[in-house]
Amino acid sequence: MVKFKRILFTFILALCAFYAGMKFEQFLYLDKCLDLGGGQDPGSYPICVIEVNEQVPS
């Protein structure tokens, strides 16, 4: 029984670490996107949208 609890605890700990890592990666991605001048597309799609203004100086 003790071995089962240890395995279960390790599995839950690994799942929590994976989830925390994914959330941290999401935060870094959004932060990098905002630093580049972009933003998330409406509708909460997990993509970075950067608009480029191609104006020719006159």
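Everything numeric here is computed off the predicted structure, so don't read it as measured data.
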(message) Can you tell me how far apart CG (L13) and CG (L8) are? Round to the nearest 0.5 Å.
(response) 11.0 Å
(request) Give me the other members of the hydrophobic cluster that M22 sits in, counting Ile, Leu, Val, Met, Phe, Trp and Tyr linked by side-chain heavy atoms under 4.5 Å, directly or via other members. (result) F18
(request) Output the rest of the hydrophobic cluster of I7: all Ile, Leu, Val, Met, Phe, Trp and Tyr residues reachable through side-chain heavy-atom contacts under 4.5 Å, sorted by chain and number. (result) none
(message) For residues Y19 and F11: do they belong to one hydrophobic cluster (side chain heavy atoms under 4.5 Å, members Ile, Leu, Val, Met, Phe, Trp, Tyr)?
(response) no
(message) Run the side chain to side chain contact (heavy atoms under 4.5 Å, CB included) test against K5 and tell me which residues pass, sequence neighbours left out.
(response) M1
